[in-house]
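Order of the sequence lines sets the chain letters (A, B, ...), proteins ahead of strands, with each chain counted from 1.
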Amino acid sequence: MTSNQKPRVRFAPSPTGFLHVGGARTALFNWLFAKHEGGTLLLRIEDTDVERNKPELVDGILVALRWLGIQWDEGPFFQSQRIEMYRAATEHILASGAGYACYCKAAAYTGGDSADENEGEGDDEGKAAKAVACSCRDLTPERRAAKEKEGIRPAIRFRTPRTGTTHFEDAVFGPRDVQNAEIEDFVLLRSSGLPTYQLSVVVDDIDMRITHIIRGADHLSNTPKQVLIYKALGAEPPIFAHVPLILGPDRTRLSKRHGATSVGSYAEEGFLPEAFRNFLALLGWSPGDDSEYLRTNELIERFSLSGVSRTNAIFDRAKLEWYNTQYLQKPPVEEILPYVEAELKRSGLWQEAWASSEREWFAHTVDLIRPRTRLLGDFSGWARAFFTDDFDYEPEARAKFWKDEKLPLLMPKLIKALEAVTDWNHDACDASLRGMATSEGVKAGLLINATRVAIVGRAVAPPLFETMVALGKDRVISRLRRALPAIPSR
RNA sequence: GGCGCUAUGGUGCAACGGUUAGCACGCGGCCCUUUCAAGGCUGAAAUACGGGUUCGAUUCCCGUUAGCGCUACCA
């Protein structure tokens with residue numbers, strides 16, 4: 001492997017489900033690595049298992065990758081369209097003697113006890129040691145001819161050396177040597193003529209000139225098999241980089257049981273892609289210091305395989321939410337405007353003027369709201385009243401801030417005072433309200449809180465006077481009037 | 001069962017032979033304050049266990065335990 005060549009990496013999901021967070025993290029690491037090194041990222045769909053593969057899921061995976069902002073340079077390639085290559089490679093392996101035809105039934109080989117010849121009697125409780133090879137390995141030509149005559153379609157197995165070790169380099173786990181005696185004669189080509197993962201992954205990675213294989217650590221144990229195939233095909237193995245797995249809060253592999261595991265669900269929930277990326281990047285990788293808020297360009301600058309950890313990480317939703325607040329609040333407001341726009345459109349609150357004549361108001365209002373948001377849905381949720389007159393009073397808010405019995409008398413006076421404000425700005429509203437509070441002998445907080453509930457319907461909202469300015473005098477007055485009958489008088 | 005990987009607060013990461021073991025999330029308190037956030041300060045909270053090696057181990061080695069992975073004609 002020459003050192004001056006630009007790396008070529010790939011992300012190779014199989015369409016058996018939605019893109020899940022583990023896959024997304026693998027894709028992200030590949031992408032960051034490629035970007036950092038100025039290399040190339042390919043996308044390959046591993047769909048050689050006709051039973052489990054669902055073609056209609058491919059699109060969802062692409063959509064999720066795009067949402068994540070991960071763009072690939074080549075592909076997507078589909079293994080299902082490259083079957084001939086795998087068969088040719090199998091022929092090559094067969095011809096060189098590195099493979100052999102196996103006529104056993106799949107079930108018989110893997111441990112059942114039926115038909116053919118069964119070695120390894122299952123001892124009472126524990127599982128018997130698995131067979132490493134089957135008798136087909138040394139079938140005489142005559143016996144093989146006989147099997148063929150029976151019309152049995154064989155699977156093609158790899159003839160794993162019985163002695164010696166297989167070596168490979170892992171950028172995360174270091175140099176690895178595995179005893180060949182531990183490696184069984186695995187299947188390369190199924191009796192159906194379709195390749196197994198072990199074969200197709202190697203054939204493709206050779207053909208696509210992949211230099212670094214960055215993938216989940218669940219593939220670590222099977223890597224020696226693949227290295228054996230590289231050798232049998234006369235190719236130099238690439239550098240491997242196995243990244244630790246992401247587990248659920250109960251330390252078991254992340255699955256549906258743990259709630260949302262698909263990337264798409266996080267998009268729907270109102271997470272920002274950059275927040276999600278930042279969160280994912282720090283799961284199993286560290287820049288080497290205590291930095292946590294790393295924008296995408298910094299992630300690319302600082303990413304390195306040497307910073308990848310070897311320990312499984314637990315997916316912590318609370319931390320993800322914290323990242324989202326950071327990305328909702330820290331970047332220049334212009335950056336999040338498109339996301340807020342999409343959210344408002346989704347909830348039917350969007351008005352085109354906010355993108356044109358009232359863009360400034362929109363940007364300012366979003367800026368006012370965002371310090372209190374965690375998810376995009378907050379803009380159409382608790383902050384709804386900033387974008388429409390159609391909102392309700394939160395029961396807890398009215399119970400808490402509309403309970404003072406002086407309010408029914410005070411509020412009409414406040415309306416009158418505010419109507420008299422000619423230059424509607426923060427200080428004028430402030431002076432008007434506080435002035436009234438003083439003359440009426442009540443605390444300003446009483447009026448402030450009651451007014452907040454009246455004009456935004458919530459106890460949780462931005463500072464009142466800024467809110468009043470954002471809403472404008474007319475809407476504040478009318479909402480105050482509208483609230484009057486709802487304030488319990490006694 | 002076999003083989004392999006891993007082991008720092010509840011969680012994510014630092015410390016890659018010498019630090020009062022650091023940062024962040026979460027949790028508690030205080031400040032700020034007009035609600036709620038944000039922000040600032042602050043508190044509780046960790047080197048799995050046992051042996052070595054060393055002047056000195058979170059760090060290196062061995063064992064134990066635990067977790068995870070692989071052990072499919074899945075990927």
Taking [atom1] from [X] and [atom2] from [N], how many angstroms apart are they, rounded to a whole number?
| X | N | atom1 | atom2 | answer |
| --- | --- | --- | --- | --- |
| I455(A) | U34(B) | CD1 | P | 16 Å |
| L247(A) | G67(B) | CG | P | 13 Å |
| D430(A) | U34(B) | CG | C1' | 10 Å |
| L464(A) | U35(B) | CG | C1' | 10 Å |
| Y100(A) | C73(B) | OH | C1' | 12 Å |
| K225(A) | G69(B) | NZ | C1' | 12 Å |
| D404(A) | U34(B) | CG | P | 18 Å |
| R176(A) | C3(B) | CZ | P | 14 Å |

Is the phosphate of [N], meaning OP1 or OP2, less than 4.0 Å from a side-chain N or O of [X]?
| X | N | value |
| --- | --- | --- |
| S286(A) | A14(B) | yes |
| R253(A) | C70(B) | yes |
| N312(A) | G67(B) | no |

### Task
For T467(A) and P462(A), work out which heavy atoms get closest and say how close.
OG1-O, 3.3 Å
### Task
May I ask you to say what G288(A) touches in the nucleic acid, namely base, sugar-phosphate or nothing, with a heavy-atom cut-off under 4.0 Å?
sugar-phosphate
### Message
Mind checking if N449(A) touches a base, just sugar-phosphate, or nothing, with heavy atoms under 4.0 Å?
### Response
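If one applies the 4.0 Å heavy-atom cut-off, N449(A) turns out to touch the sugar-phosphate alone, with no base involved.
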### Query
Does E394(A) come within less than 4.0 Å of R398(A), counting only side-chain N to carboxylate O?
no
### Query
Can a salt bridge be assigned to the pair R253(A) and D218(A) using a cut-off of 4.0 Å between side-chain N and carboxylate O?
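Salt bridge present between R253(A) and D218(A).
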Does any nucleotide pair with [N] by Watson-Crick or G-U wobble geometry, both distances under 3.5 Å, and what is it?
| N | value |
| --- | --- |
| C68(B) | G4(B) |
| C60(B) | G52(B) |
| C23(B) | G12(B) |

Can you give me the N/O atom pairs linking the protein to nucleotides 7-10 of chain B at distances under 3.5 Å, or say none if there are none?
none

Pairs under 3.5 Å (N/O, protein and nucleotides 36-46 of chain B):
from: C36(B); atom 1: O2; to: R372(A); atom 2: NH1; distance (Å): 2.9
from: C36(B); atom 1: N3; to: R372(A); atom 2: NH1; distance (Å): 2.3
from: A37(B); atom 1: O2'; to: P371(A); atom 2: O; distance (Å): 3.1

Atom [atom1], compared across [N] and [M]: separation rounded to whole Å:
| N | M | atom1 | value |
| --- | --- | --- | --- |
| C49(B) | G29(B) | P | 32 Å |
| A7(B) | C62(B) | C1' | 16 Å |
| G63(B) | U20(B) | P | 33 Å |
| C41(B) | U34(B) | P | 22 Å |

#### Entry: Proximity of Y393(A) and W402(A) rings by center, below 6.0 Å
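Yes: the rings meet the under 6.0 Å criterion.
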### Task
Classify the angle between the aromatic ring planes of F303(A) and F33(A) as parallel (below 30°), tilted (30 to 60°) or perpendicular (above 60°).
perpendicular
### Task
Among Y293(A), W322(A), F315(A), find the residue that satisfies the ring pair (Phe, Tyr, Trp, His ring centres under 6.0 Å) test when tested with F279(A).
F315(A)
Interface polar pairs with nucleotides 18-23 of chain B, N/O, under 3.5 angstrom:
from: G22(B); atom 1: N2; to: D290(A); atom 2: OD1; distance (Å): 2.7
from: C23(B); atom 1: O4'; to: D290(A); atom 2: OD2; distance (Å): 3.2

### Message
Should the side chain of S191(A) and the base of C73(B) be counted as holding a donor-acceptor pair, with the cut-off at 3.5 Å?
### Response
yes
